[in-house]
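Structure record follows, encoded as structure tokens.
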Amino acid sequence: TNPFEAIYDGTVPAVGTIGNSFSYRAAQNEYEPLFFNLYSRKTLTGLQVDFTDFIGSNGTIPKSQAQIRVVKNWFQASSSPQKTILPVYTPELLVSDDRIALQDQPWSYDQLPSLPVLPQVHTDVASGTSKQFVIILHVPDGTTPGTYTSTVTFTPENLPQRNLNLNVEVLPFLLQATEKDYVIYHRARIDNPASSDYTSLARYQLQVEDIAAHGFNGVAIYGYDNGWQEDKLALANAAGITDTAIFMSAFDPDLKTLMEQYGSEPYFYGQDEPNTLDKITNDHLPKSIDIHTGGASVVTAIQKYWADRLKDPADEIYSGFPDGTYEPLDFLNYCRDESSLQYYHDLIDGLVTSQERETYYWQIMVEDPRVNRFMAGFFLWNTGLDGAFPYVYQHVGIYNPYDDFDAWVDTMTIYRDHLVTYPSQEGPVPTMQWEALREGIDDVRYLEVWQGLKDQVAANDPQLAQTSEQVVACLLYTSPSP
């Protein structure tokens with residue numbers, strides 16, 4: 001199957017895609033989703049799908065380095081942040097058992113539904129329908145290059161077992177961590193079980209480990225968690241999120257010291273989206289002045305038009321402040337608006353170059369995996385910006401996140417819960433769009449490997465380097481954006 005291809009109950013496989021053996025590629029130090037589909041002419045009841053170790057001639061990748069999931073299709077109120085008139089049938093959740101009725105489970109912020117993580121998949125398949133599965137395989141650093149094979153077994157209660165072979169070619173190089181900034185808004189709080197952002201300390205650890213495993217090297221920590229800030233920063237650091245920490249709070253000298261102790265430049269968040277004169281002057285600038293006066297740095301999400309005005313010391317936005325007030329942002333996270341889009345086009349066309357620490361954001365909840373892969377991958381590479389800073393890991397409203405047709409909050413009933421993963425007792429539940437975002441980050445990591453190899457070759461064989469550039473440019477600029 002094509003990566004992240006939407007497979008529905010009624011999807012009928014094309015003749016050329018049917019087989020008993022499929023092949024994939026992955027580099028060392030990479031998580032690779034191995035998608036495969038099952039189409040059955042007969043009803044399969046109590047189907048158990050399992051797999052073996054990945055065995056090669058020079059070694060084994062143990063089953064413990066992989067997880068198997070079935071893709072749960074369900075009705076959602078839209079595939080965008082706002083609800084639409086008609087429901088949308090969506091392949092989204094990656095679960096061990098897609099028969100669990102999620103909307104029927106009790107829900108509260110401190111009583112989450114149970115979605116056990118099992119070593120095999122359990123499901124039913126109706127006659128004449130398709131179902132999609134994925135094994136998320138981690139290829140450890142040091143794995144010997146070569147081909148590794150796992151046998152997937154399909155064992156229904158009512159029919160004989162069938163097998164499928166998955167062959168993974170491990171490439172002869174290590175996929176290094178990216179040099180780009182990948183930061184994510186992470187709202188979780190530990191101090192208040194009555195909050196929609198509540199999570200336990202144990203689940204917080206699972207969340208930051210999941211964020212790190214998906215390629216993020218920075219996290220924006222919401223600062224209202226009284227007494228738990230150090231625990232949260234320590235857990236993020238232990239998980240491998242060590243490049244960037246941002247506190248989404250007013251300036252606090254103790255938090256500044258804490259970030260410095262963990263080796264992170266102290267960033268605090270200004271006013272979110274200060275894209276009006278009133279928000280700039282009344283909300284953002286007082287926060288920014290406090291943060292800079294305290295010796296820390298300022299970041300926020302903002303339209304480029306307003307970011308540019310902050311960079312102009314003669315702009316009227318400073319007219320109500322003491323002479324010499326000048327508050328440009330230290331880290332800019334651009335919104336999706338006309339001024340920012342024009343800037344992106346100019347970057348891609350080579351008309352301007354980035355001179356600051358600049359990222360951009362989008363709503364990663366969108367249930368079209370192509371969007372996250374493109375925005376985290378090729379789009380970032382083409383712009384040359386420093387990274388991506390998307391919104392958000394989980395943002396639950398006041399009602400059940402597993403019921404997409406209830407209100408998000410009472411005052412904004414048109415919006416949906418913002419979830420790239422879902423909360424459960426066992427930890428975060430992954431989605432198609434979350435795995436696609438990791439693939440986008442991996443696309444950048446592969447491009448960084450290519451860039452390094454091309455630069456090595458250029459001195460001895462400039463023609464080969466030029467040809468390589470042309471091939472990659474063709475890939476980057478002809479791949480359709482979603």
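Note that the structure is predicted; figures quoted are calculated from it, not measured.
Salt bridge Asp330/Arg357: absent, no basic N to carboxylate O contact under 4.0 Å. Using a 4.0 Å cut-off between charged nitrogen and carboxylate oxygen, Asp404 and Arg416 count as a salt-bridge pair.
Among residues at least two apart or in separate chains, there is no ring pair (Phe, Tyr, Trp, His ring centres under 6.0 Å) pair with a member in residues 282-319. Identified under the ring pair (Phe, Tyr, Trp, His ring centres under 6.0 Å) test for residues 237-259, with sequence neighbours left out: Phe251-Phe268. Listed by first then second residue, pairs satisfying salt bridge (charged side-chain N to carboxylate O under 4.0 Å, His left out) with a partner in residues 277-300 number zero, not counting sequence neighbours. Within the structure, the salt bridge (charged side-chain N to carboxylate O under 4.0 Å, His left out) test picks out the following pairs touching residues 316-329 (sequence neighbours left out): Arg309-Glu316.
Two residues are said to be in side-chain contact when any heavy atoms from C-beta on lie closer than 4.5 Å; Arg69 and Val117 meet this criterion. Contact annotation: the side chain of Leu341 never approaches that of Lys304 to less than 4.5 Å [non-hydrogen atoms, C-beta and beyond]. Contact check for Val420 versus Thr431: side-chain heavy atoms found under the 4.5 Å cut-off.
Ring planes of Phe331 and Phe389: tilted class, angle from 30 to 60°.
When atom types are taken as modelled, the side chain of Thr257 and the backbone of Pro253 share a donor-acceptor pair closer than 3.5 angstrom. Between the side chain of Asp443 and the main chain of Phe378, no donor-acceptor pair closer than 3.5 Å is present. A distance-only check finds no donor-acceptor pair linking the side chain of Asn192 to the backbone of Asp197 [under 3.5 Å]. Side-chain atoms of Tyr24 come within 3.5 Å of backbone atoms of Phe35 as a donor-acceptor pair (strictly under, hydrogens ignored). Using modelled atom types, no side-chain atom of Ser114 and backbone atom of Ser424 make a donor-acceptor pair closer than 3.5 Å.
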Legend entry - Worked check of side chain to side chain contact (heavy atoms under 4.5 Å, CB included) between Asp231 and Leu201: CA-CA 8 Å; Asp231 298 84; Leu201 189 63; 4.2 Å; yes
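In summary, the side chains of Asn333 and Thr359 do present a donor paired with an acceptor at a separation below 3.5 Å, with no hydrogens or angles considered.
Scanning both residues, Asp386 and Leu380, for their nearest heavy atoms gives C-CD1, 4.5 Å. Here the closest non-hydrogen pair linking Glu435 and Pro430 is OE2-CB, 3.8 Å.
Both tests hold for Arg438 against Tyr31: distance to the six-membered ring centre under 6.0 Å, angle to the ring axis within 45°.
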Sequence neighbours excluded and cut-off under 3.5 Å, please list the side-chain donor-acceptor pairs for residues 444-458, or say none.
{"unit_1": "Arg445", "atom_1": "NE", "unit_2": "Gln176", "atom_2": "O", "d": "2.9"}
{"unit_1": "Arg445", "atom_1": "NH1", "unit_2": "Asp442", "atom_2": "OD1", "d": "2.8"}
{"unit_1": "Arg445", "atom_1": "NH2", "unit_2": "Asn29", "atom_2": "O", "d": "2.8"}
{"unit_1": "Arg445", "atom_1": "NH2", "unit_2": "Leu175", "atom_2": "O", "d": "2.7"}
{"unit_1": "Tyr446", "atom_1": "OH", "unit_2": "Ala27", "atom_2": "N", "d": "3.3"}
{"unit_1": "Tyr446", "atom_1": "OH", "unit_2": "Glu30", "atom_2": "OE1", "d": "2.6"}
{"unit_1": "Glu448", "atom_1": "OE1", "unit_2": "Thr178", "atom_2": "OG1", "d": "3.4"}
{"unit_1": "Glu448", "atom_1": "OE1", "unit_2": "Glu179", "atom_2": "N", "d": "3.4"}
{"unit_1": "Glu448", "atom_1": "OE2", "unit_2": "Thr178", "atom_2": "OG1", "d": "3.0"}
{"unit_1": "Glu448", "atom_1": "OE2", "unit_2": "Glu179", "atom_2": "N", "d": "3.1"}
{"unit_1": "Trp450", "atom_1": "NE1", "unit_2": "Ser468", "atom_2": "OG", "d": "2.5"}
{"unit_1": "Gln451", "atom_1": "NE2", "unit_2": "Asp455", "atom_2": "OD1", "d": "3.4"}
{"unit_1": "Lys454", "atom_1": "NZ", "unit_2": "Glu469", "atom_2": "OE2", "d": "3.0"}

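Partners of Tyr204 by ring pair (Phe, Tyr, Trp, His ring centres under 6.0 Å), not counting sequence neighbours, listed by chain and number: His186.
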